[in-house]
Structure formats: structure tokens, C-alpha cells
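Each remark here refers to the structure printed beneath this line.
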Amino acid sequence: MTQWILFFLLLNLIHFGGTFRLYQAAGKKPYLAIIPFYNLLVLLRIVHRPKWWFILFFLPTINLIMIGVLWVETLKVFGKSKTTDILLGLFTFGFYIYFLNYSRDIEYAESIDRSKRSSIAETFSSIVFAVIVATIVHNYFIQPYIIPTGSLEKSLLVGDFLLVSKFHYGSRIPTTAVSLPLVHDTLPLVKKRSYLKNPQYPYLRLPRLQKIQRNDIVVFNWPADTVRRFFVAETRVNKPLDKKSNYVKRCVGIPGDTLEIINGFVHIDDEKNKLPDRAKIQLPYQLYNSNGVSSKNLVEKKITGFNRKYRIDNITPNSFKAIQSEILYTTGSSYSDLTVVTSEKGLSAQLVSSLGLQGKEILERVKTVFLTPEEAQTLTKVQWLDSIKQKINTEKRPNTSFFPNKIPFAWNEDNFGPIIIPKKGETITLTSENRPLYKKLIIDYEHNTLESGDFGFRINGLITDQYTFKQNYYWMMGDNRHKSEDSRFWGFVPEDHIVGKPIFIWFSIENFTEGIRNWKIRWDRVFTTISGKGEAKSYFPHFAGLIVLWQITAFVLKRRKKRLIQKIKK
């Protein structure tokens, strides 16, 4: 805070040094240029701009745009409106105004006729205004997101376009002071960082409409984020809080809960977690049939989430390249001994035929399929399966793969905990056993020092084994339980990492990751709400009907207006 106060005072001194004569030329007292806050209100009057612009200068990201706008407006009102002047003002970061301030002849325009602006100036002004409005909406109200991975299948699907409310849980003020608007952390095309790591604003969140409820779907910044681009091996990247990667998961544990995963199912305070109607968790099940499990039968039952194996006898490098986009992976050491593995969609029969390939699907006697418990129950009744059984990892071996990523913890994806989720204001007694669980929270998320030794524990230099949490924490998991990197791997999500609440699917594309040629619109998911009782319902027909009604109304009113004008003329 001291650094920010000093920076703010320095900024005012710089402003005074470059504008006090301009204030005087505009009929204002020169000393007004150094009075914090008030000098901005006076300058807005000088450049003939409304007082409410004052607020925009205190909104992170937007204030950077507004500073540039104010430089331009200042130059214009003092007769420097040529393109060269505008560019000099922007590319010298406003210091061109110093040249103007110390000029011999300063001419001030008492008024500006903005109706005579050029088309280029008008277009630029409209773009700046649109960016400002869009940034305000994105930062504080609603922001669009796309689901890129299947961690929440089949509750949210890959290719779902979401609208995420920032205000339900309280809009978080951006902490990164210098950042390009409407860009998260990476510039498109050039793949460079879109922000400066310093300076940083203090964490601040606006009042919320509601608390995070257990089983809410939540968008948050990935606490363990150290990557610039997913699926690309890179050196560790340390990111500011608001520039960490965005994740979307289901909050299955809230502050104060004692959470345990037993055989794949979450239990809270010794009771099995009751999921809402639209939550569709997927777990691995093993299907058994002595003659082989038929993929065709599974597809007819609309079962997804399994792989298919094909043996192809006459494949060549060229034909392999032609079908490569449909293959997940292969087994075998050569083309003569090749088995290809695909998703549940299998190989395109038309493509296989056109390539002249001789292939046959291998029917597995035991096939692992990812199913919802309801789908698994349905399959117990079919005649073409001998049996079905949930695949559970019961092996308890000390490992570093699962949180807290320390030996001797022996938790896994199906059997985990119990673990207490920290609550703001709650005090714990630190022990050697629970230290790995809460060390990162105390040091990284709540910015303390923690040492341990023969003396016990020392927090911020004081010997104590008591610690009181400064914020709430949450436990996030994907509904696709064996295909989700979530709190089981990296632990608690701090409250200051919460971004917002997904409220609406406005568009949805099937095969989103398979190229635009394969895209198909999921019309039943367009304009559907995310939470609520019963199955999701698409409101697209209602929206389309309103658009048609609006167009008809506009057409009728236009015709009436035209007739009225004709009558008046007569």
C-alpha cells in the first residue's frame, strides 16, 4: 500500500509538471493540477467531457484506455488535433503534453464541435467506446467461456459456449494493473504475454448475491497454474492471481465440510453427497461378455465414453495417414502387426472402404466404459452382457500423485481422505501429520512464513502451533471422475481464486476439437440454463420467436410511419 501511495503521489507530480500552464490557459488556477482526484475532475471540465468519466479512471484495465483517451482530448482542446500530434501523444506516453505545456503560445478552445469529426476519428471513438463497455461487462457482469475438455462430461460438454456470471459470487476487481483488455493471459497469434506482472492491485471483491453452494458448478483460477499453454512442455511460469488459467468444476465441498471419497463417491460429514438433477457423474465400469462386448450394441443404447479396437491387415503409410485423425493411439511394432484404437465413433466405414482396407473390430471380453450410475443400472438389464461391475482403485500405496503430494499419504482417485476443508476464521492446531495439507495455504495463499523444527512450528517468526485461516476454501471436482484434473491432485481452491458462476449455455458445437468441417450444432443445448431442477430445456425457440415478433413489429411500425408521412404531405 505504501508503494501505491508513493506511486500515486509521483503520478500527480508528473501531471502537475506537464499541465499547470494548460490549467492556467483554460482559466483555472495552476495549483489545481497537483490536487489528487480533484485535478482529474477539473481536467475533464477543461476538455469538455462529462464528470462520470471520473469513475472509469479507477476501474482496472479500463483506466489505461481512459488515460490514453485523456491525453488525446487534452491535445485536441489545445489545438493539437493532427494525426501526428495524436500519435506523438500516445507513443510518448503523454509526455508530448509537456512540450505543449511549455510552449510560448497556448491556445485553448472554449468549445469543440464534435459533429465535424472525420469518419476515421468517429470510427476510432466508437471502437474505444465498444472496448470500454465490453471490458466492463466482462470484468464485472457476464463473460463468455468455452468448455475445451471433458472433465465435466456429461453435465457440460466439450464445445459448450457458456455465459458466466461474475456478480453472483461477487465481482472480483482485476489485480493486474497493466493488461490488454478482452484478453486473458496470452496475445492471439503472437502467443506472447498480454500483461505486466507488476504492479499489482490489492485483492478486492464486490458484494456477492449468494454464497457458493455445495454442488454448484464454478469457474475459478487454477491455483497450481504454472503453464502458459496447455499440452506444451515449458519452463514453470509464475502468474498473477487473475491471470491464472480458468477452470470449471463442480464444488463438492464447501468451507467447514469433512470430505471423503469412498469407492468413487463423495461423502460429506459421513453422508453420501446428494447431487442435483442435472449432475451426471461418470465412473469407469467393466462390461463382461464371454463372446466379446459389442460396440454396436453400446452405440445403439447411446452409450459413449469407451474405446474401440481394430485390426487392419493391409494398412500402408499413406492409408494410415488418411485415417490418423480418427485414431487415438496404436499398438504393435510394425504395419503388419498394427491395432488401432479409436473413440466410440469407430472408423468411418466409408473411409475404410474408399482406401480398400481390410479391417475388423476386435471384440473384447472385458471392456472399460465410462458411465453414469443410471446408465450402468440400465445395462444390468440387457441380455447381451454377462455382468457389469464398477472399476474401483482400491490400492492404497504411498504416492506423490495425489494431494497433498507427499509420502506417506496413500490416497487415490477413488478413495481419498477424510479431509477437512478450511473455513475463514477457523483455528487449527498444526501437527506434523496435517502440516502437508495446510502448508501451501498458510505460505502461498495467505502469505505467511512457516518453519518447523525441534521447537515445533514458527509462523511469521513466532513459535505457535495455532493458525487461523484468513479466507474460505473449496473442493472442486469434475463429474467425469477418472478424466478430470481437480482438487484430488492439487488441493484446495482459495476464495480469492473464484471467478464466477456459469448460468447459461448460449451455443454448443459437437466435435468442437475435430476441425470446423466436423462441427455440428447441438440445437437441444442452445439457450439452456445450467442449473435447476429436472432436465435442461432449450429456450432457443422462445428466443427465435421473440426475434421474429420484433422484426414483424418493426416492419409494421415502419409502414405506419411511412403512411403517416404521406398523409401529412398530402
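Residues: numbered from 1 along the sequence shown. Keep in mind it's a predicted model, so treat the numbers as computed, not measured.
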Any donor-acceptor N/O pair, [X] side chain to [Y] backbone, under 3.5 Å:
X      : Y      : value
Asn480 : Gly150 : yes
Arg45  : Pro50  : no
Lys470 : Glu446 : yes
Thr61  : Pro181 : no
Asp444 : Leu441 : no
Arg214 : Gly253 : no
Asp277 : Gly534 : yes
Ser81  : Lys76  : no
Ser151 : Ser484 : no
Arg488 : Arg481 : yes

Which side-chain N or O atoms in residues 93-102 pair as donor and acceptor under 3.5 Å with protein atoms at least two apart or in another chain?
residue : atom : partner : partner atom : Å
Tyr96   : OH   : Asp85   : OD1          : 2.8
Tyr98   : OH   : Ile14   : O            : 2.7
Asn101  : OD1  : Arg21   : N            : 3.0
Asn101  : OD1  : Leu22   : N            : 3.2
Asn101  : ND2  : Gly17   : O            : 3.4
Tyr102  : OH   : Gly17   : O            : 2.7

For atom [atom1] of [X], is the number of surrounding heavy atoms from other residues, nucleotides or ligands below 6.0 Å larger than 12?
X      : atom1 : answer
Lys197 : NZ    : yes
Ile516 : CD1   : no
Ile55  : CD1   : no
Phe8   : CZ    : yes

Side-chain contact test, heavy atoms from C-beta onward, threshold under 4.5 Å: evaluate it for [X] versus [Y] and give yes or no.
X      : Y      : result
Val493 : Trp475 : no
Phe20  : His15  : no
Glu73  : His48  : no
Leu187 : Lys191 : no
Ile503 : Thr529 : no
Pro148 : Thr513 : no
Trp71  : Leu90  : yes
Arg172 : Tyr203 : yes

Ring centers of [X], [Y] separated by less than 6.0 Å:
X      : Y      : answer
Phe492 : Tyr474 : no
Phe469 : Tyr438 : yes
Phe403 : Phe489 : no

What's the spacing between [X] [atom1] and [Y] [atom2] if we round to 0.5 Å?
X      : Y      : atom1 : atom2 : result
Ser171 : Leu209 : OG    : CG    : 8.5 Å
Cys251 : Ile498 : SG    : CD1   : 7.0 Å
Asp257 : Ile268 : CG    : CD1   : 4.5 Å
Ile217 : Leu162 : CD1   : CG    : 8.5 Å
Tyr169 : Phe220 : OH    : CZ    : 12.0 Å

inquiry  = For Gln24 and Lys29: C-alpha separation, side-chain torsions, deciding distance, then whether side-chain hydrogen bond (donor to acceptor under 3.5 Å, both in side chains) applies.
reply    = CA-CA 6 Å; Gln24 188 175 31; Lys29 300 293 184 183; over 6 Å; no
request  = Show your working on ring-ring contact (aromatic ring centres under 6.0 Å, His included) between Phe58 and Phe37 and close with a plain yes or no.
outcome  = CA-CA 10 Å; Phe58 296 92; Phe37 302 113; 5.6 Å; yes
Does the distance from a Lys or Arg side-chain N to an Asp or Glu carboxylate O, for [X] and [Y], drop under 4.0 Å?
X      : Y      : value
Lys249 : Glu485 : no
Arg250 : Asp479 : yes
Lys239 : Asp185 : yes
Arg208 : Glu495 : yes

ask   = How would you list all residue pairs meeting salt bridge (Lys or Arg N to Asp or Glu O under 4.0 Å) that involve residues 550-562, not counting sequence neighbours?
value = none
inquiry  = Suppose the criterion is salt bridge (Lys or Arg N to Asp or Glu O under 4.0 Å): which pairs have a residue in residues 510-525, not counting sequence neighbours?
reply    = Asp160-Arg522, Asp160-Arg525, Lys345-Glu514
key: Non-neighbouring partners of Trp506 that pass ring pair (Phe, Tyr, Trp, His ring centres under 6.0 Å), sequence neighbours left out   = Phe161
ask   = For His168, which residues count as a ring pair (Phe, Tyr, Trp, His ring centres under 6.0 Å) partner, sequence neighbours excluded?
value = none
Run the side-chain donor-acceptor check on residues 541-552: report pairs under 3.5 Å with partners two or more places apart or on a different chain.
none

query = For Asn215 and Pro276, which heavy atoms make the closest approach, and how far apart are they?
reply = CB-CD, 3.7 Å
inquiry  = Students often mix this up, so state it plainly: with edges at 30° and 60°, are the rings of Phe78 and Tyr108 parallel, tilted or perpendicular?
reply    = tilted
task = Carefully, step by step, assess His497 and Tyr445 under the rule ring-ring contact (aromatic ring centres under 6.0 Å, His included).
result = CA-CA 10 Å; His497 283 57; Tyr445 302 154; 5.7 Å; yes
Sequence neighbours excluded, which residues qualify as side chain to side chain contact (heavy atoms under 4.5 Å, CB included) partners of [X]?
X      : value
His184 : Asn221, Asn246
Leu9   : Ile5
Lys424 : Asn472
Ala536 : Arg278, Thr528

ask   = Is the cationic atom of Lys423 (NZ for Lys, CZ for Arg) positioned less than 6.0 Å from the six-membered ring centroid of Tyr473 and within 45 degrees of its normal?
value = no
Side-chain donor-acceptor contacts of residues 136-143 below 3.5 Å, not counting sequence neighbours, with atom names and distances?
residue : atom : partner : partner atom : Å
Gln143  : OE1  : Tyr145  : OH           : 3.4
Gln143  : OE1  : Lys166  : NZ           : 2.6

ask   = What residue pairs, at least two apart or across chains, pass side-chain hydrogen bond (donor to acceptor under 3.5 Å, both in side chains) with a residue in residues 173-183?
value = Thr175-Gln200, Thr175-Asp242, Thr176-Gln200, Thr176-Asp242, Ser179-Lys243
